[in-house]
Amino acid sequence: MNIFIAKLDFNTQEDSLKEAFEVFGDVSSVKIITDKFTGRSKGFGFIEMPDDDEANSAIDKLNESELDGRTIVVKKAKPKEENSRYNSRGNSNRKSY
DNA sequence: GTTGAGCGTT
């Protein structure tokens, strides 16, 4: 499950975010968005967790929580469509509750 | 030695 984290502190790095999420479950990957020109963090990032249940728990626990002294916003990430051209075969993975 | 709503660079 992809998780979107916003309002991160500009000093917060991927390691801190990963540690915060891997407490609730296994973290597949962590990604902090940084500006390409300035190289500074844009203040938001993404977390990828293989287990959806743990991911939802992590979202519920870490949403509006405190990280690096700043209140963060954790939600489910938008469905990122990488390839729409080659994905027209059948369906996409749409898990519903 | 900055800023603060919102969805990414492989």
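The chains referred to below are lettered A, B, ... by the order of the sequence lines, with proteins before strands, and numbering in each begins at 1.
Remark: C1' of B/dG4 and CG of A/D35 are 14 Å apart, rounded to the nearest angstrom. A/Q13 places its CD atom 20 Å from the P atom of B/dT9, with the value rounded to the nearest Å. In this entry the distance linking NZ of A/K78 with C1' of B/dC7 reads 5 Å, nearest Å. For the pair A/L8 CG and B/dA5 C1', the interatomic distance rounds to 13 Å; values are reported in whole Å. Distance, A/I5 CD1 to B/dA5 C1': 15 Å, rounded to whole Å. In this structure, A/E66 atom CD and B/dG4 atom C1' are separated by 16 Å, rounded to whole Å. Rounded to an integer number of Å, the gap from CZ of A/R70 to C1' of B/dG6 is 16 Å. Residue A/I72 contributes atom CD1, which lies 15 Å from atom C1' of B/dA5 at whole-angstrom precision.
Looking at heavy atoms from C-beta onward, A/V73 lies out of side-chain contact with A/I5 at the 4.5 angstrom threshold.
Nearest-nucleotide positions on DNA chain B for A/R40 and A/F46 put A/R40 closer to the 5' end. For the pair A/E14 and A/S41, nearest-nucleotide mapping onto DNA chain B gives the more 5' position to A/S41.
Which of B/dT9, B/dG4, B/dC7 sits closest to the side chain of A/D9 comes down to B/dG4. In this structure, of B/dG4, B/dT9, B/dC7, it is B/dG4 that holds the atom nearest to the side chain of A/K7. For A/F10, taking side-chain heavy atoms from C-beta onward, the closest of the listed nucleotides B/dC7, B/dT3, B/dT9 is B/dT3.
Not one N or O on the side chain of A/D68 forms a donor-acceptor pair closer than 3.5 Å with the backbone of A/R70. Of the possible donor and acceptor atoms, one in the side chain of A/E14 sits under 3.5 Å from a partner among the backbone N and O of A/I32. The backbone N or O of A/F10 sits less than 3.5 Å from a side-chain atom of A/S41, completing a donor-acceptor pair. Between the side chain of A/N63 and the main chain of A/I59, no donor-acceptor pair closer than 3.5 Å is present.
The phosphate of B/dT9 has OP1 or OP2 within less than 4.0 Å of a side-chain N or O from A/K42.
Side-chain N/O atoms of A/K31 and base N/O atoms of B/dT10 include a donor-acceptor pair closer than 3.5 Å.
Among the protein residues, A/I47 comes within range of no part of the nucleic acid, since none of its heavy atoms lies under 4.0 Å from any strand.
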